[in-house]
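Take a look at the structure below.
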Amino acid sequence: MTKAIVEPLLQWYDEGHRDLPWRREAAPYRVWVSEIMLQQTRVEAVRGYYERWMQAFPDVRALAAADEAQVLKLWEGLGYYSRARNLHRAAQLVCERYGGTLPADYEALLALPGVGEYTAGAVASIGFGLRVPAVDGNVLRVAARLNDDFMPITDAKQKKRTTGHFSEITPEDRPGDFNQSLMELGATVCLPNGAPRCGSCPVQHLCLGYHHGHAEILPVRAAKRARRIEERTVLLVRCGEEVGIRRRPKTGLLAGLWELPSLEGKTGANELRARLSARGWQVEKLLSLRGAKHVFTHVEWHMSGFEVTLAEKPEGLTFVTPQALRESYALPSAFRAFLSVLEE
DNA sequence: AAAGCGGGGGC
DNA sequence: GCCCCAGCTTT
């Protein structure tokens with residue numbers, strides 16, 4: 001990695017970059033929140049969530065004092081929900097350990113839950129002006145092309161190497177802007193999927209991958225794992241004006257969020273009626289709903305659905321009005337398709 | 001080192 | 001359909 005890329009990238013960044021809410025004012029808390037939200041998540045998906053979050057929790061203390069239910073509700077639909085729990089827990093730790101102010105120290109930031117090497121580097125450099133690299137997926141891709149490097153960027157070892165290279169050339173005076181210029185380049189010019197815009201690149205003249213005609217085929221990634229398929233029968237349980245929901249287990253997929261109750265496997269109307277009766281549920285009405293598919297990273301849910309109207313509320317379900325469900329309970333996107341019935 | 005962990009937008 | 005995103009944690 002050559003230090004010659006620093007000045008062209010900084011100049012290119014100064015000439016114009018995306019106007020992002022968290023760039024308006026680089027307070028460490030704002031940088032931190034944005035970086036957690038941006039983990040494995042596109043900028044456009046984050047914008048709205050970020051604005052709502054800052055309205056609700058303008059500083060570390062406000063976040064630390066919040067209920068977890070409110071935190072998860074504000075995160076609803078953004079995915080990777082452990083990020084929200086860790087952010088909440090970390091805010092409380094920051095209040096206990098540092099009096100409510102984030103520490104201006106890479107190692108101390110790294111020790112917070114949910115903060116890994118990338119996020120610690122981003123907050124340290126952008127929020128505090130410390131001279132540390134911040135190597136994310138964009139930067140790994142940019143580096144692979146600059147160096148004409150065919151080592152898989154998905155390897156932990158490769159990320160270590162790249163981080164080491166950048167730690168040597170990160171400028172003392174503008175580390176945050178330099179790190180952001182690399183990510184900006186990856187997000188707007190050095191694009192993935194064989195679609196780099198080398199003609200618009202400020203460091204094309206320094207790019208070995210471009211020079212060798214490899215920009216389109218780099219970077220190399222490890223093969224993805226296969227996804228398993230789970231069949232489920234989802235129930236929209238209604239009793240009077242209310243809907244029956246339940247809390248998911250504290251660990252695993254969608255941990256601690258609310259869900260519509262469901263049964264393993266695809267179940268026909270007759271079998272479902274029998275199984276619900278065996279539970280002691282008094283089914284007044286059973287309507288088949290349009291099925292839905294939801295794709296997670298490592299599993300697909302293939303869901304069939306039934307609207308089940310009951311005469312009385314059974315044990316084990318929490319009954320809430322549709323309005324309360326919308327306003328106060330964090331329900332993952334996977335179940336959204338089955339709620340359209342409630343809008344009548 | 002590998003697997004678990006969401007959701008969506010672009011092609 | 002497939003790709004992959006301003007990754008982290010646990011096993």
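Worth saying up front: this structure is predicted, and the values here are computed from it rather than measured. Order of the sequence lines fixes the chain letters, A, B, ..., with proteins taken first and strands second; residue numbering starts at 1 for each chain.
For the pair A/H88 (side chain) and A/A66 (backbone), a donor-acceptor distance under 3.5 Å is present.
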Check nucleotides 9-11 of chain C for protein N or O atoms closer than 3.5 Å to its own N or O atoms and list the pairs.
{"residue": "C/dT9", "atom": "OP1", "partner": "A/G114", "partner atom": "N", "Å": "2.5"}

Show each protein N/O and nucleotides 1-3 of chain B N/O combination with a separation under 3.5 Å, one pair to a line.
none

Pair pattern of DNA chain B in dot-bracket, where unpaired bases get dots and | marks partners in another strand, Watson-Crick or G-U under 3.5 angstrom:
|||||.|||||
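One can place NZ of A/K224 at 6 Å from C1' of C/dC2, the figure rounded to the nearest angstrom. Between A/M37 atom CE and B/dG7 atom C1' there is a gap of 14 Å when expressed in whole angstrom units. The CE-P distance, from A/M183 to C/dC5, rounds to 13 Å in whole Å. A straight line from CZ of A/F166 to P of C/dA6 spans 16 Å, rounded to a whole angstrom.
For A/W22 and A/Y29, the gap between ring centers reaches or exceeds 6.0 Å.
In this structure, A/R52 is positioned above the aromatic face of A/Y49, its NZ or CZ under 6.0 Å from the six-membered ring centre and within 45° of the axis.
Counting heavy-atom neighbours within 6.0 Å of A/E231 CD, excluding the residue itself, gives a total above 12.
A salt bridge links A/E117 to A/K160: at least one charged side-chain nitrogen sits closer than 4.0 Å to a carboxylate oxygen.
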